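What follows is a structure written as structure tokens; I'll ask about it next.
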Amino acid sequence: MKLQDTLELHVKTAVKALFQSELESVEFQATRKEFAGDITIVVFPMLSVVKGNPAAIGEQIGEYLQNNVDLVKSFNVVKGFLNIEIADSYYINFFNSIKDSEDYGFSKNKDDKAVMVEYSSPNTNKPLHLGHVRNVLLGYSVAEILKASGKNVYKTQIINDRGIHICKSMLAWKRFGNGETPESTGLKGDKLVGNYYVEFDKAYKKEISELIAKGQSEEDAKKNAPVLLEAQEMLRKWEAGDKDIVALWETMNGWVYDGFEETYKAIGVDFDKNYYESQTYLLGKEFIAEGLKTGVFFKKNDGSVWCDLTEDGLDEKIVLRSDGTAVYMTQDIGTAIQRIKDYPDVGGMVYTVGNEQDYHFKVLFLILKKLGFDWAKNLFHLSYGMVDLPSGKMKSREGTVVDADDLIQEMADTAEEISKELGKLEDYSEEEKKSLYKIIGLGALKYYILKVDPKKRILFDPKESIDFQGNTGPFIQYTYARIQSILRKSNQDSSVTLSQFEMQLQDKEKQLLKQLEQFPVVIQNAAEQHSPALIANYTYDLVKDFNSFYQNVPILGADTEHEKAFRVALSKTVGQTIKNAFGVLGIDVPERM
RNA sequence: GGUGGCAUAGCUCAGCUGGAUAGAGCACCUGCCUUCUAAGCAGGCGGUCCUAGGUUCGAAUCCUAGUGCCAUCACCA
């Protein structure tokens, strides 16, 4: 039984014995550093049942607990707070129960219903940038956290592979590309296609100004520019299945997928299944037709199909254009249904998408409910804040985006620079060094992004590089490496049992044990709240405590063998917990650094 | 204008279902490497928790109103 639950029973018994009153619940909190004790009972809420002075009541309950409960070693009362010191034996028993477990913190019970997490939805006309990076890191981590909390999880992405934006790149490539390929240029496929998207925009802008010079209004010029008309014509041909256009579309999308794959691999994320909008929008249309029959949707005079959500406090929403073509909503309805068809064990889905689409997902979930799907009540939009630059929003066409591949490389470069200054890796091979720089650089980037609450927007200043000191990924990785160094030197048989030790825990040791005890709770909270930030902040607290212990208490140089054995085992368990916590954040830990 | 989100130290962020004197990191200042990795430790400086009301034993936290920033309200995605 959990410490709190045990104590709660005893406190209720105490109150009954002392005051002949029944408590509904007992309020606990961690004892603040400046007071003696491990756990604190707040007396104030009891006053509604027990009349009297809070401090005096606290004294009496404390006295009772000390005399009747073995766990309670001593107590003190400050105002209405009853601080209780827990016996060392409790913490030693706890430690023995977890110290050899490699998956400490992870739930062993598995739900039979799975959850699908979507955490990337790129367009295939340009490379991934910092905004996608936040999306991907967040979603990957939430998927891993859900797994750790006992869920079966499928990771997926939705690739927006059709539409006018792709035709723009295709058209520009046809016009100016001279048959260039990733092989002929040495460029990553997504970069090559992205370049032509920019080329299109240049040509488009040029034609607009030419038309304006000829006397057209800006509005007309934007509509009449020949390249745009041609791109639109291309889209119509694509939808009609024109062989050449479809072939070109397949080729260029193929280049982009290869490029994306490389970036995902560099980031260290993967997917169990990819979905493509070109393959799901038709299913969406089917269900629009279905919904028309059942009255979920209605048709306007011009032929467009809508869903009336005014009774739910929203507006009318279009689900099919008057020309019968699909909109975004159509595709998303189709994709959701397709996923449940493919994975019947899925009972809910998480969509990792920026908060600019809050309204869209509110509507999507509502429509799926109206269509009568029982899984529709378990849909969650993991909405996150934008990543802004000091100059404002990132815009690909204005060249103000922070490219994902470049960013990852820069982080590794910074790690290399710092490592060289510190000069601790002389005996490493070039290959080992390179892999370590990547681990550290990525660790810095991922931690930087994941430690902030998903809801909040992030301001990223490319000129001020991400820190490697303080509350950062490398700081935590460094602590892990230190622990591994101790383990290498100790040569300790890890199977020691510590219950036999007659020992007095030091404050720093007890603090670590208390912190370790929290880890499974933190995992569950993070899963419920879909927040990797909780894991990141927990890990930082744990690591701060460990470093304080490390620097103030001798481990290998302990006075007795018993103490040494305990401290080595404690260090090992902290290391394992760091590894597990960082694992669900998608961050690697190094053996040395 | 309607709706939603955010607002805590110079900067970046914590602060769990309301609880003790609001916490970290960066930056700035002081100490600590011939003992387990100084990407570290120990300490100092730094606050109108956006504003005004309200709820109560008690509010950064909950409620109301206002201010500021962001997003959204398209036959765009």
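Everything numeric in this text was worked out from a predicted model, so none of it was measured. Proteins get letters first, then strands, A, B, ... in listed order; numbering begins at 1 in each.
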From the list B:rC41, B:rC6, B:rC36, which nucleotide is the closest neighbour of the side chain of A:Lys544?
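Selected nucleotide (nearest to the side chain): B:rC41.
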Centroid separation under 6.0 Å, is that true for the rings of A:His165 and A:Tyr197?
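No, too far apart.
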Tell me whether the ring of A:Phe81 lies stacked over the B:rA20 base, given a 5.5 Å limit on centroids and a 30° limit on the plane angle.
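Stacked: ring centres under 5.5 Å, planes under 30°.
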Residue pair A:Val42 / A:Pro45, side-chain heavy-atom distance below 4.5 Å:
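A side-chain contact exists here, since the closest heavy-atom pair is under 4.5 Å.
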Identify whether any heavy atom of A:Pro54 sits under 4.0 Å from a base atom; if not, whether one sits that close to sugar-phosphate; answer base, sugar-phosphate or nothing.
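The answer is nothing, as A:Pro54 stays clear of every strand by at least 4.0 Å.
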Identify whether any heavy atom of A:Asn53 sits under 4.0 Å from a base atom; if not, whether one sits that close to sugar-phosphate; answer base, sugar-phosphate or nothing.
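No contact.
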Over all strands shown, is A:Ile486 touching base, sugar-phosphate only, or nothing at heavy-atom distances under 4.0 angstrom?
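It contacts sugar-phosphate atoms only.
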Taking the C1' atom of each, how far is B:rA9 from B:rC26, in whole Å?
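So the two C1' atoms sit 12 Å from each other.
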Can a donor-acceptor pair under 3.5 Å be found between the side-chain atoms of A:Asn547 and the base atoms of B:rA39?
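No, the side chain and the base share no sub-3.5 Å donor-acceptor pair.
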Give one of base, sugar-phosphate or nothing for A:Glu34, where a contact means two heavy atoms less than 4.0 Å apart.
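Since no nucleic acid heavy atom lies under 4.0 Å of A:Glu34, the category is nothing.
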For the side chain of A:Val327, starting at C-beta, report the closest nucleotide among B:rG19, B:rA77, B:rA20.
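Out of B:rG19, B:rA77, B:rA20, the nucleotide with an atom closest to A:Val327's side chain is B:rA77.
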Tell me, what's RNA chain B's dot-bracket, Watson-Crick or G-U with both distances under 3.5 Å, | for other-strand, [ ] crossing?
(((((((..((((.....[...)))).(((((.......))))).....(((((..]....))))))))))))....
If I pick the P atom on B:rA20 and the same atom on B:rC33, what distance separates them, to the nearest angstrom?
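The same atom, P, in both gives a distance of 39 Å.
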A:Arg321 side chain: which of B:rA42, B:rC36, B:rA77 is closest?
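Among B:rA42, B:rC36, B:rA77, the one nearest the side chain of A:Arg321 is B:rA77.
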How would you label the contact of A:Asn525 with the nucleic acid (heavy atoms, under 4.0 Å): base, sugar-phosphate, or nothing?
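If one applies the 4.0 Å heavy-atom cut-off, A:Asn525 turns out to touch nothing in the nucleic acid.
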Counting side-chain heavy atoms from CB outward, which of B:rC6, B:rC57, B:rA42 is closest to A:Asn552?
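The closest nucleotide is B:rA42.
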Heavy-atom donor-acceptor pair, A:Ser121 side-chain to B:rA77 base, under 3.5 Å:
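No, the side chain and the base share no sub-3.5 Å donor-acceptor pair.
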What I want to check is whether the side chains of A:Tyr328 and A:Gln357 have a donor and an acceptor closer together than 3.5 Å.
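Judged by distance alone, the side chains do pair up.
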Cut-off 3.5 Å, side chains only: do A:Arg482 and A:Asn547 have a donor facing an acceptor?
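Short answer, yes.
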Does a sphere of radius 6.0 Å around NZ in A:Lys222 hold more than 12 heavy atoms from other residues, nucleotides or ligands, not counting ones at 6.0 Å or beyond?
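For A:Lys222, atom NZ is not crowded (no more than 12 foreign heavy atoms under 6.0 Å).
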What's A:Gln357 touching, base or sugar-phosphate or nothing? Going by heavy atoms closer than 4.0 Å.
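If one applies the 4.0 Å heavy-atom cut-off, A:Gln357 turns out to touch a base.
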Do A:Ile159 and A:Gln157 come within less than 4.5 Å of each other through their side chains, counting heavy atoms only?
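SC-SC contact between A:Ile159 and A:Gln157 confirmed.
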Just call it for A:Leu47: base, sugar-phosphate, or nothing, with non-hydrogen atoms closer than 4.0 Å on any strand.
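A:Leu47: no heavy atom of the nucleic acid under 4.0 Å.
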Let me know, please, whether A:Thr40 or A:Asp358 comes out on the 5' side of the other along RNA chain B by nearest nucleotide.
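Looking at RNA chain B, the more 5' nearest nucleotide goes with A:Asp358.
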Please work out if A:Met593 contacts a base, only the sugar-phosphate, or nothing of the nucleic acid, heavy-atom cut-off 4.0 Å.
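A:Met593: base contact, heavy atoms under 4.0 Å.
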Polar side-chain contact A:Ser419-B:rA39 base: donor and acceptor under 3.5 Å
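Checked by distance alone, the answer is yes.
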Looking at B:rA39, B:rA20, B:rU37, which one has an atom nearest to any side-chain atom of A:Tyr550?
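Of the candidates, B:rU37 comes closest.
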If we require ring centres under 5.5 Å and near-parallel planes under 30°, does A:Phe44 stack on B:rG58?
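Whether judged by distance or by angle, A:Phe44 falls short somewhere, so it does not stack on the base of B:rG58.
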Inspect the surroundings of NZ in A:Lys300 and state if more than 12 heavy atoms from other residues, nucleotides or ligands are less than 6.0 Å away.
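Above 12, so yes.
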When you match A:Gln469 and A:Arg162 each to their closest nucleotide on RNA chain B, which lands nearer the 5' end?
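It is A:Gln469 whose nearest nucleotide is closer to the 5' end.
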Side chains of A:Asn355 and A:Tyr384, donor plus acceptor under 3.5 Å:
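Per modelled atom types, A:Asn355 and A:Tyr384 side chains form no pair under 3.5 Å.
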Can you figure out which of B:rC41, B:rA77, B:rC36 approaches the side chain of A:Ile555 most closely?
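Nucleotide nearest to A:Ile555's side chain: B:rC36.
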Can you tell me how far P in B:rU64 sits from the matching atom in B:rC11, rounded to whole Å?
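That atom pair is separated by 30 Å.
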Base, sugar-phosphate alone, or nothing: which one does A:Tyr540 contact when heavy atoms must sit under 4.0 Å apart?
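A:Tyr540: backbone/sugar contact only, no base atoms under 4.0 Å.
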Taking the chi torsion of B:rC69, is it syn (within 90° of 0) or anti (everything else)?
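B:rC69: anti glycosidic orientation.
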So A:Val78, base contact, sugar-phosphate only, or nothing? Heavy-atom distance under 4.0 Å.
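Contact class for A:Val78: base.
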Basic-acidic side-chain contact under 4.0 Å: A:Arg162, A:Glu239
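Salt bridge flag = yes for A:Glu239 with A:Arg162.
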Please work out if A:Ser304 contacts a base, only the sugar-phosphate, or nothing of the nucleic acid, heavy-atom cut-off 4.0 Å.
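Result for A:Ser304 = base.
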For A:Asp323, answer base if it contacts any base atom (sugar-phosphate contacts may also be present), sugar-phosphate if it contacts only those atoms, and nothing otherwise; contact means non-hydrogen atoms under 4.0 Å.
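Here A:Asp323 touches no strand at all.
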I want to verify a distance call: between B:rA38, B:rC41, B:rA77, whose nearest atom is closest to the A:Tyr328 side chain?
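Per side-chain heavy atoms of A:Tyr328, the pick is B:rA77.
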Would you please determine if the base of B:rG40 is stacked by A:Phe475, with stacking meaning a centroid separation under 5.5 angstrom and planes under 30 degrees?
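The base of B:rG40 is not stacked with A:Phe475 (the test needs centres under 5.5 Å and planes under 30°).
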Once you apply a heavy-atom cut-off of 4.0 Å, does A:Val553 come out as touching a base, just sugar-phosphate, or nothing?
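The answer is base, as A:Val553 lies within the cut-off (heavy atoms under 4.0 Å) of a base atom.
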Residue A:Lys489, side-chain atoms from C-beta onward, closest of B:rA77, B:rU37, B:rC13
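For A:Lys489, the side-chain atoms sit closest to B:rU37.
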For A:Thr124 and A:Asp161, does a side-chain donor sit closer than 3.5 Å to a side-chain acceptor?
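No.
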Taking any heavy-atom pair under 4.0 Å as a contact, classify A:Lys424: base, sugar-phosphate, or nothing.
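Base: the residue A:Lys424, judged by heavy atoms under 4.0 Å, touches a nucleobase.
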